[in-house]
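Every number for a ligand or one of its atoms is a count from 1 in the order of the listing. Values below: all heavy atoms of this structure, side chains included; hydrogens, waters and symmetry mates excluded. Treat the numbers as computed from the prediction; the structure is a model and nothing was measured.
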Amino acid sequence: TTQIRVGIVGYGNLGRGVETAIGLNPDLSLVGVFTRRAPETVATVNDSTPVFAMSELEAGRDDIDVLVLCGGSATDLPEQSPALAAKYCIVDSYDNHAKIPEHFAAVDAAARPAGTTAVISTGWDPGMFSLNRVFGEALLAQGSTYTFWGRGLSQGHSDALRRVPGVAGGVQYTLPSETAIERVRAGENPELSTRERHTRQCFVVLTDGADADTVRAEIVNMPNYFEPYDTTVEFITADELKRDHQGMPHGGFVIRSGTTSEGTKQVIEYSLTLESNPEFTASVLVAYARAAARLHKVGDIGAKTVYDIAPGLLSPLSAEELRANHL
Ligand code: NDP
């Protein structure tokens with residue numbers, strides 16, 4: 001069997017994760033990284049990985065089976081996914097839930113006439129969590145679905161707290177409420193408010209002379225970001241920030257709790273504990289890149305989400321091998 005040839009578009013946290021993940025999958029090979037920056041300024045994890053300018057993709061290279069798009073969801077992917085789907089099979093991790101239908105339509109309109117296969121919005125949420133919400137709801141027609149996130153580093157909330165006057169640096173972790181999870185696991189089907197689902201934990205380095213109580217009040221009362229939650233603020237030194245808060249942990253739970261007859265409770269739980277959010281997201285993207293290449297080979301083109309892709313296509317094993325050893 002021949003390898004699936006993959007290109008990485010955009011080289012940040014996710015791009016580095018995809019480079020590493022391809023190395024763990026012998027049926028995939030890495031063609032190189034494509035970046036908007038000057039290629040010689042981009043240092044890859046593996047020194048031997050070729051780095052090319054984005055413009056190298058314009059002509060439509062025939063040595064690439066799938067591009068894994070690793071740009072940001074805010075401004076990169078709405079532009080890059082449709083443009084590249086007009087020439088290549090692609091996979092992206094577009095995570096702006098409210099705009100997924102719009103993104104799907106734009107990518108599908110580019111992919112169909114080009115005859116390419118484009119998997120959008122994969123990763124873990126959207127992605128594996130979306131799949132598990134649908135499994136839960138399809139299998140337990142009567143019940144409630146819960147998604148809890150964390151413990152995880154939130155980039156958006158960390159940025160927000162770093163903009164508070166008197167803050168020199170800091171990070172924010174989102175924590176699922178243990179009490180809420182226990183009630184859901186017990187099959188109580190509780191109605192949970194925003195405040196009851198998650199708490200927020202901030203670690204902050206103060207600027208010289210800043211008043212801790214003023215900074216704390218400014219953070220916990222910030223509308224939308226912190227005010228709707230129980231937020232704790234802990235002050236630490238710049239050295240502690242560097243030593244203890246460089247990782248990008250995340251994860252969470254999808255729980256479907258329902259009944260199949262009067263008083264008969266059934267609970268389904270899917271949970272992720274991730275030391276590195278981007279490395280895990282990248283691992284999911286790479287499995288969907290394999291599926292995209294296989295679908296393209298049998299002429300199944302157009303935009304797809306995780307809901308459209310059979311699980312066996314994610315595995316490096318063949319359908320025959322899966323039937324023989326894994327059912
Ligand atoms: P980054 O900010 O690290 O990278 C985004 C882009 O910015 C890169 O593709 C790169 O493009 C550019 N870039 C990266 N580093 C630099 C730099 N030093 N200087 C200038 N430009 C740089 O984002 P992440 O990789 O962390 O995340 C990408 C997206 O993944 C997020 O926006 C999020 O939407 C999505 N995501 C989805 C998840 C899911 O579960 N579905 C989970 C996690 C993330 P270029 O090389 O062209 O310059």
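When ring centroids are compared, His250 and Trp149 stay outside the 6.0 Å threshold. Between Phe226 and His157, the distance separating the two ring centers is shorter than 6.0 angstrom.
Under 4.0 Å from any atom of ligand 1, one finds heavy atoms of residues Gly10, Tyr11, Gly12, Asn13, Leu14, Thr35, Arg36, Arg37, Cys70, Gly71, Gly72, Ser73, Asp76, Ser93, Asp95, Thr122, Gly123, Trp124, Asp125, Pro126, Asn277, Thr281.
Sorted by first and then second residue, the side chain to side chain donor-acceptor pair (under 3.5 Å) pairs involving residues 29-41 (not counting sequence neighbours) are Arg36-Asp76.
Asp159 and Arg163 are not joined by a salt bridge, as no carboxylate oxygen comes within less than 4.0 angstrom of a charged side-chain nitrogen.
The only member of Val284, Thr122, Leu67 that meets side chain to side chain contact (heavy atoms under 4.5 Å, CB included) when paired with Val91 is Thr122.
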Exercise for review: Could you give me the CA-CA distance, side-chain angles and deciding distance for Leu272 and Trp124, then say whether side-chain contact (heavy atoms from CB on, under 4.5 Å) is met?
Suggested key: CA-CA 9 Å; Leu272 293 173; Trp124 61 279; 3.8 Å; yes

